[in-house]
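Single-structure report; data block below.
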Amino acid sequence: MILKRFDIFTLPLIILFDIITFSTIFVGIIKKIKIIYMAQDDLFKKLIAHTKEYGYIFPSSEIYDGLSAVYDYGQYGVELKNNIKQFWWEAMVKMHENIVGIDSAIFMHPDIWKASGHVGAFNDPLIDNKDSKKRYRADDLIEEHIAKYQAKIDKDVEKGQNKFGDAFNKEQFLATNQNVLRNQEKINEISGRLTKALTTDDLAELKQIIVDCEIADPISGSKNWTDVRQFNLMFETQLGSTADGASKIYLRPETAQGIFVNYLNVQKSGRMKIPFGIAQIGKAFRNEIVARQFIFRMREFEQMEMQFFVKPGTELEWFEHWKNLRIKWHKAMGLPEEKYRFHKHDKLAHYANAAFDIEFEFPFGFKELEGIHSRTDFDLKQHQEFSGKKLQFFDPESGESFIPYVVETSVGLDRTFLSILSGAYCEEEIKKENGESDTRVVLRIPPALAPIKLAVLPLIKKDGLPEKAREIIDELKFDFTCQYDEKDSIGRRYRRQDAIGTPYCITIDHDTLKDNMVTIRDRDTMVQERVKISDLTKILEEKVSMRKLLKKIF
RNA sequence: GCGGGAGUAGCUCAGUUGGUAGAGCAUUAGCCUUCCAAGCUAAGGGUCGCGGAUUCGAGUUCCGUCUCCCGCUCCA
């Protein structure tokens, strides 16, 4: 399905605005820009190709055939990513007196993952049925099988009771009845093997039990099983270089625990008073069974998290507060509002008493970008118990001690990156004055986040224009990420900048040498105006500063 | 993991019944000077995803394998 719609920019208003604000002379030509709408599948494919072609994202280890679900950020990708981080950090840490940041290590004490519940929840021996294509937990299948023998025993007991009535002696029956003894023996044998297999991580034995017991798929009745495999979502490695002296540790599957275990350090050393927050940006790792959808679900990803510690009982107010502020943060970037959706969870995880998702409409549908969770005192309580260290806050005003409640905001950096690119990628048809039309690909990245803020282009590469351009760039490069380009016609250079999302181009022509004015061209509208070189810093600052984004929130 | 599709130059692709690897765009250099891509000239770039088999000879046939995409499954 391909939809088409005409979007004609209201250029006269923009021109009027510019004339009033900057007293500039408009030199551009009014053009009609038609946005080409395309099927979402096509958009996604084109976006992936575009990000590779223009240096945003490369498949990891590509010359070795790549590594599944791992990607590298290229020369423009890293700039955009850094700008997103900066925007988040400033909105969370710089703008809040009571929030500080940390950068905790990826390696952490293995007991942390026991306390957090990840060791238990992220470790399952799984088996697939080749016929029904269903996947089961191997231990569940065996447990169910054991339950069948138990059911037989229960049935025999029931029969006996019906037969003998009050005279029935259950203990004696269980100890003497041949059927019961046979079934009980089976149970003992199987559960003995199961326990041993589970404690020694013997996957082959688990499979053997399923084969020996002739366990069939409950749906299809098929006994055609794959081998049992351990699906551990946490990556393991060892600390210590020799195999025998080494201890098994994990790469963190989330950054939150690094904040919880440092809660006391930060609170004491920073003299923090509740309510206060700790923010962190960092890598996390999950060995996903199926990792797909480009950088949406990667094995190595980056999170931007803030844990806000509050007095118990006030957590739901703070939950509302952070929910609203985080929505504002996303909206401040200026992507289409209808791309966002908000979703309150009815079913809650065991540790949460409120949860809220901010979702974005990616080319493959609405998916979670950020989660805001009221986590109660679950995490700190667990760490207090497992570490044996008191993690309480003493409130000098009321004189009470308590474990703070936590409201968490957790946003995927790579997902935010993808949301910006998929919201920004745009193909347009441009009507020229002579009636011909022409297409361009443009990344409408929010100017404050764009990798390159402006390109400085001499109209031609002689007559002293390149020298003048260098002179200008040497001044502007202190404040803005600039790019210089003199190759090919001016139109082609504009298009190259459009494709990487550079919001402004300034062009040096022969008049510049006489009047010290340049043309500044806007990426989105293609409108050009003539401004003084001496005004450039001020004008650009107004257009591309991070301050402008923050002002929309605060 | 299962099923389907794909893999030839940076990109998009062509490549006949097996006979020494091609185009357009892009890139680089030079010419031309032009405010919205595709002017002229030249050059560079591929062991056809990887490995094996058949054959005098494989991009092409067969087997294996890796990676990517779509769907299912799994996961928060």
Side-chain angles (χ1 to χ4, degrees), chain A residues 27-29 31 33 41 44-46 48-50 52-55 58-71 118 121-122 124 126-137 224-229 231-233 253-254 284 286-294 296-297 299 301 303 345 347 349 352 355 357 364 367-368 371 373 410 412 415 428 430-433 436-442 457-463 465 486-499 505-512 518-523 525-530:
Chain A
V27 294
I29 305 153
K31 294 185 188 64
I33 302 175
D41 276 0
F44 193 36
K45 280 187 189 131
K46 285 184 171 181
I48 292 169
H50 190 86
K52 191 189 152 198
E53 189 172 354
Y54 288 92
F58 307 123
S60 164
S61 320
E62 200 188 4
I63 62 170
Y64 288 94
D65 271 346
L67 190 61
S68 187
V70 186
Y71 291 91
H118 285 87
F122 275 24
D124 296 326
L126 298 178
I127 190 166
D128 291 286
N129 187 281
K130 289 179 187 168
D131 296 322
S132 70
K133 317 267 185 251
K134 292 286 173 194
R135 174 171 290 162
Y136 300 94
R137 279 181 59 166
N224 188 9
W225 297 103
T226 62
D227 285 340
V228 176
R229 285 153 308 170
F231 282 86
N232 185 351
L233 243 40
E254 62 173 36
R286 284 187 201 177
N287 206 353
E288 300 283 354
I289 300 164
V290 177
R292 283 263 182 85
Q293 281 155 335
F294 198 37
F296 182 80
R297 178 163 294 148
R299 298 221 155 89
F301 58 101
Q303 295 181 303
H345 287 235
K347 231 179 97 187
D357 284 348
F364 40 86
K367 299 280 177 184
E368 182 181 344
H373 302 115
S410 173
R415 289 179 179 190
E428 295 172 348
I430 292 159
K431 276 253 158 59
K432 287 197 258 190
E433 286 170 317
E436 284 175 32
S437 64
D438 163 27
T439 61
R440 72 161 183 164
V441 176
V442 53
L457 316 168
L459 189 60
I460 59 171
K461 58 179 170 187
K462 58 182 183 186
D463 301 337
L465 300 188
E486 60 177 27
K487 172 82 182 158
D488 295 318
S489 75
I490 190 69
R492 184 189 282 281
R493 281 178 275 163
Y494 285 150
R495 297 304 167 83
R496 270 206 289 265
Q497 295 301 326
D498 290 339
C505 294
I506 68 170
T507 308
I508 286 80
D509 56 28
H510 292 93
D511 290 341
T512 305
V518 293
T519 305
I520 180 163
R521 179 255 191 194
D522 182 280
R523 174 194 67 196
T525 61
M526 299 169 78
V527 169
Q528 302 176 49
E529 52 190 318
R530 203 136 171 95

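In what follows, chains carry the letters A, B, and so on, assigned in the order in which the sequence lines appear, proteins first and then strands, with residues in each chain numbered from 1.
- For the pair A/Ala49 and A/Ile508, both in contact range of RNA chain B, the more 5′-proximal nearest nucleotide belongs to A/Ala49.
- Proximity of the aromatic rings of A/Phe364 and A/Phe296 is defined here by a centroid distance below 6.0 angstrom, and this criterion is met.
- Rounded to whole Å, the C1' atom of B/A14 lies 33 Å from the corresponding atom of B/C32.
- Side chain of A/His50 to backbone of A/Ala499: a donor-acceptor contact under 3.5 angstrom is found.
- Within 4.0 Å (heavy atoms only), A/Ile490 reaches sugar-phosphate atoms of the nucleic acid but no base atom.
- With a cut-off of 3.5 Å on both Watson-Crick or G-U wobble distances, the partner of B/G44 is given as none.
- We find that CD1 of A/Ile48 is positioned 6 Å from P of B/C69, with the value rounded to whole Å.
- Base pairing annotation: B/A9 forms no Watson-Crick or G-U wobble pair, as no partner gives both donor-acceptor distances under 3.5 Å.
- A/Arg492 contributes no side-chain N or O that, together with a main-chain N or O of A/Lys487, makes up a donor-acceptor pair within less than 3.5 Å.
- Closest to the A/Ser489 side chain, of the nucleotides B/C35, B/A38, B/C36, is B/A38.
- Across all strands shown, A/Tyr54 has no heavy atoms under 4.0 Å from either base or sugar-phosphate atoms.
- The listed nucleotides are B/U33, B/C75, B/C70; the one nearest the side chain of A/Phe44 is B/C70.
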Could I get a table of every N or O pair under 3.5 Å where one atom is in the protein and the other is in nucleotides 26-29 of chain B?
from	atom 1	to	atom 2	distance (Å)
B/A26	OP1	A/Arg492	NH1	2.9
B/A26	OP1	A/Arg492	NH2	2.7
B/U27	OP1	A/Arg496	NH1	3.2

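- Between A/Phe58 and A/Tyr71, the distance from one ring center to the other does not fall under 6.0 angstrom.
- Looking at residues two or more places apart in sequence or on another chain, you find no salt bridge (Lys or Arg N to Asp or Glu O under 4.0 Å) involving A/Asp522.
- Across the protein-nucleic acid pair, A/Arg286 atom CZ and B/C75 atom P stand 13 Å apart, rounded to whole Å.
- Looking only at distances, a side-chain donor or acceptor of A/Arg493 sits under 3.5 Å from a matching main-chain atom of A/Asp488.
- Under 3.5 Å, the side chain of A/Arg521 and the base of B/C36 form at least one donor-acceptor pair of N or O atoms.
- Atom name C1', nucleotides B/A6 and B/C48: the rounded distance is 15 Å, in whole Å.
- Spacing between B/G59 and B/A21 at atom C1', rounded to whole Å, works out to 8 Å.
- The CZ-P distance, from A/Arg495 to B/C36, rounds to 9 Å in whole Å.
- A donor-acceptor pair is defined here as one N or O able to donate and one able to accept, closer than 3.5 Å; no such pair exists between the side chain of A/Asp463 and the backbone of A/Leu465.
- B/G57 and B/C72 are spaced 44 Å apart, taking the C1' atom of each and rounding to whole Å.
- When atom types are taken as modelled, the side chain of A/Arg415 and the backbone of A/Lys367 share no donor-acceptor pair closer than 3.5 angstrom.
- As a whole-Å value, the separation of A/Phe296 CZ from B/C75 P is 16 Å.
- Taking atom C1' in both B/G5 and B/G46, one finds a spacing of 24 Å when rounded to whole Å.
- For the pair A/Tyr71 OH and B/C68 P, the interatomic distance rounds to 7 Å; values are reported in whole Å.
- No contact: A/Asp498 has no heavy atom under 4.0 Å from any strand.
- Using atom C1' as the reference point in both B/U61 and B/C69, the two lie 26 Å apart (nearest Å).
- Note: CD1 (A/Ile430) to P (B/A37) measures 8 Å, nearest angstrom.
- Judged purely by atom type and a 3.5 angstrom limit, A/Arg521 has no side-chain atom pairing as donor or acceptor with the backbone of A/Met526.
- To the nearest angstrom, P of B/G71 lies 10 Å from CZ of A/Phe364.
- Taking the C1' atoms as reference points, B/U34 lies 39 Å from B/G15, given to the whole Å.
- Using Watson-Crick or G-U wobble geometry with both donor-acceptor distances under 3.5 Å, B/C2 finds its partner in B/G71.
- Proximity note for A/Thr439 (side chain, C-beta onward) versus B/G10, B/A37, B/A76: the nearest is B/A37.
- Remark: the separation of the P atoms in B/A42 and B/A23 is 13 Å, to the nearest Å.
- Summarising the geometry, the separation between CD1 on A/Ile460 and C1' on B/C36 is reported as 17 Å, rounded to the nearest angstrom.
- Which of B/C36, B/U33, B/C35 sits closest to the side chain of A/Asp509 comes down to B/C35.
- Applying the salt bridge (Lys or Arg N to Asp or Glu O under 4.0 Å) criterion to A/Lys461, with sequence neighbours excluded, gives no partner residue.
- Base pairing of B/A14 is not made with any nucleotide, judged by Watson-Crick or G-U wobble geometry with both donor-acceptor distances under 3.5 Å.
- Considering only side-chain N and O atoms, A/Lys52 lies nowhere under 4.0 angstrom from the phosphate OP1 or OP2 of B/G10.
- Across all strands shown, B/A53 is found opposite B/U61 as a Watson-Crick or G-U wobble partner, with both distances under 3.5 Å.
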